Structures are given as C-alpha cells and as structure tokens.
Amino acid sequence: MNKKKKISILGSTGSIGTQALEVIEKLQDKFEIIALTAGNNVDLLNEQIAKFKPKYAFCNNPKEIQGAEYLPLDEICSNQENDIILVAVSGKIGLKPTLKAIENGIDIALANKETLVMAGDIVMKKAKLAGVNIVPVDSEHCAIHQCIKDISQVEKLIITASGGPFLHKSIDDIKKATVKEALAHPRWNMGRKITVDSATLMNKGLEIIEAHHLFNMPYDNIDVVVHPQSIVHSAIEYKDGSVIAQLGLPSMHIPIQYAITYPDRFKGIKSKSFSFADIARLDFEKPDYEKFPSVKLAYNAGKTGGSATVCLNAANEEAVFAFLNEQIRLFDIYSITNEMMNRHNIIANPTIDEIFEIDKEIRIKTREYIKLLS
Ligand code: MG
C-alpha cells in the first residue's frame, strides 16, 4: 500500500468507530479520512473532525458540524473518493448505507451484524455482482477470514464464544440478573446492546447467521464452542481434518486494523507480542443451550431463512432495550423473541423494502407484547 487508503467511517463516535480512529492515528501515513459520521454525539464528532480533518461529515443535526462539509449519508456512501467504508454503526441503520456503497463498487469493512442478519442474501449477492470485498470486523469472522485460503475445501467453521458474564452461573442467577451484571463482560469492552447479547449468547446466534452469509456455509457446518479466555478467536476445519485457528489477545484493535488494511498488514497499534507461555492454558467447553437457548433460536431462524432472521433481530433488539430500561428480566429477552418468532408469518424472499417493513412491524408488536407483560 504505497498511496494512502481513502476511508470513511460510519459511526465514528461509537465503540468500533473510536477504536478505528485509534488504529488510524497509529497509521497516519497509510490513511486519508474522507468522511466521519455520527448520530447525535456531535461534540465528539467535532473533536474527531478537528483531529483527523475529514473532508465531509454527517450527523443528525447538520448545523452543528464544525470544520468539515456536511454531506448526506447516501452521498458519502456513493462518493468515489472512498477506497473503503468502515460500517461501524449499530443496528438496522447500517443496512442501507452498506448497500449504497456496494452499488458504487466501494469495499466494505463490516462491523454491523444486522446488515447480514437482516439481508444477508441480498447484500452478499450484490457484493459478488459488484466485485466488492466485504471484510468482517467482528473478531470471530475476521479470524475465519484470516484462516480461509480456499472455502471449497473447508468442512466447517468453529466459532468461539467467551460465554459472557453468566457462563458458570446457575439458570436461577441468570433469571434474576441485573442490568449492571449483564453489562459486566469479562473479556470485551463493547456497546451496551451487544454486551447484553453477549450475556444471553444471542450475539453468538447472530454471528452464526453472519458467518453463514459471509462464507456461504450451511448452518449444520457451523459449530459454536465456549472458550472463556477469548484467545482463539475462531477456527476452521478443512475436509482432511486439519484445523486452522486464529489467535491473539482479546483486543478489537486487531480485527479493526486487519479489516481496514486488508490485504496488507502493519505493526500499527499492536502493543506487545503474543506469548503462549504467559497465556499458559486455553479452555474449551460445549455451550449450555438450556441456559442460553437464544443460540438455538438463531440456528432455527437461520435455517428457516427468509424473513425469520429479520424477526429474530428486531424482536431481540426491542427486548434488549426493554431489559436495559429495566422493564423485563434478562431471561425474558429469549422468551419474548421466541414468542414473536412463533407468531411471525415467514416471507420467503423479502425485498429490502419488505425487510424494513417487517422490521418495523415486529418492533411495534414486540413493544406491545412487552407492555402486556409488564
Ligand atoms: Mg464477535
């Protein structure tokens, strides 16, 4: 990479966005920032603009942007100056900008799971047609991306899960878990929604769906294994029985850097060398689906296909918000999502407009159902 890579970051004030800027700060001679976008955190956005000097910026209140030209999100994603766009927003708002960038032939570093959970078939098909690279930022998928040489020779994907804060707690403890306990993740520092998803293991469920689309792998060939140390970020098994795993210290800086510098590698933000002797031991165990039934729910939604994963994502997200607002208990997130899945009439091949329509409808129904419960 001789000339600077031109990048835009969607969601630059979030957890992934701010860490991406830390990576870019270390690799200043490698990157030029075209645009930064945020939602409502305009103070931090303006600090980032002053420091990183992007040409353009976007936020919900354009008048408050200082030091960069306001550009609508659509125009940022179709701007041909971009070599790559890091989609680091959380939730369904990631889908349309990602599609826009793909249609314009711009490579994607994808940190937004919902894009693939909601519309994986459409997104991957369009990316293939447009010759666009989608490099995953999610640590497990980034690991698998690094392990795969030839996908046609891979027998299965093995996704690791840290197990979250309730791994060895009893089912009764999980049922009465508080918001504070659910947000105390032992290994990863992430946003609130994904941290709750990690506590219920729904995050792993969403990652199974994400992996299915990214690597075109049947659900029966995607396994989950609990690995509390979060050193092995995921693995693949080849047809001949060889297993290739990607290891590293649990830091999101590494997968973010990989995704935005791919196919190159630089020293960048790495602070210390990896030491097997310091780590000393790696543990693995089967996931307990009695305690964490959300994983099975996600497998089923994925296998059903069509709008099932749209329903799963929308119902789960609304239930997580209700839990964070202390309206429901942690285990209710599963029960509510399961109930909404049972009620949902599957649409086989939804269009993008239908996906957004279904998403909206499920969210309204989920909120109504939660109201009845509380
Ligand atoms: Mg992950």
Side-chain angles (χ1 to χ4, degrees), residues 11 14-20 23 86-91 94 98 108-118 120 134-148 157-167 182-215 217 219 222-236 245-260 262 282 284 287 292 294-295 297-299 301-302 309 312-313 316-317 320:
S15 169
I16 297 288
T18 49
Q19 293 181 81
V23 168
L86 169 61
V87 183
V89 294
S90 92
T98 305
I108 304 281
L110 187 64
N112 177 275
K113 284 189 179 75
E114 291 82 356
T115 292
L116 293 174
V117 172
M118 291 174 72
I134 297 183
V135 185
V137 171
D138 209 346
S139 62
E140 296 79 1
H141 307 77
C142 180
I144 291 168
H145 191 270
Q146 293 180 64
C147 295
I148 290 176
L157 311 179
I158 305 159
I159 298 180
T160 53
S162 71
F166 305 120
L167 176 59
L183 289 178
H185 198 277
R187 297 285 164 202
W188 297 97
N189 180 14
M190 307 170 289
R192 282 158 63 90
K193 193 264 175 183
I194 186 173
T195 304
V196 174
D197 280 343
S198 298
T200 62
L201 287 209
M202 178 56 98
N203 184 50
K204 220 38 64 179
L206 300 176
E207 288 180 353
I208 291 162
I209 299 166
E210 195 185 357
H212 161 80
H213 290 295
L214 276 169
F215 307 110
M217 185 61 66
Y219 284 98
I222 305 174
D223 283 358
V224 173
V225 65
V226 172
H227 167 47
Q229 292 95 348
S230 295
I231 296 295
V232 177
H233 299 311
S234 278
I236 61 173
Q246 187 263 345
L247 285 72
L249 298 171
S251 153
M252 278 312 292
H253 286 122
I254 298 171
I256 292 168
Q257 182 177 310
Y258 173 85
I260 64 174
Y262 176 81
L282 299 172
F284 300 93
F292 304 107
S294 295
V295 184
L297 200 57
Y299 265 116
T309 56
L312 177 88
N313 180 63
N316 173 66
E317 190 167 319
V320 170

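Start at 1 and go down the list; that is how both ligands and their atoms are numbered. Not measured: the values here are computed from a predicted model.
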State the atom name: nearest N, O or S atom of [X] to the Mg ion (ligand 1).
{"X": "Glu140", "value": "OE1"}
{"X": "Glu207", "value": "OE2"}
{"X": "Asp138", "value": "OD1"}

Check [X] against [Y] and note the closest heavy-atom contact, atom names and distance.
{"X": "Gly248", "Y": "His233", "result": "O-NE2, 2.9 Å"}
{"X": "Ala88", "Y": "Ala111", "result": "CA-CB, 4.1 Å"}
{"X": "Ile144", "Y": "Ala235", "result": "CG1-O, 4.2 Å"}

Do Lys113 and Asn313 have side-chain N/O donor and acceptor atoms under 3.5 Å apart? no
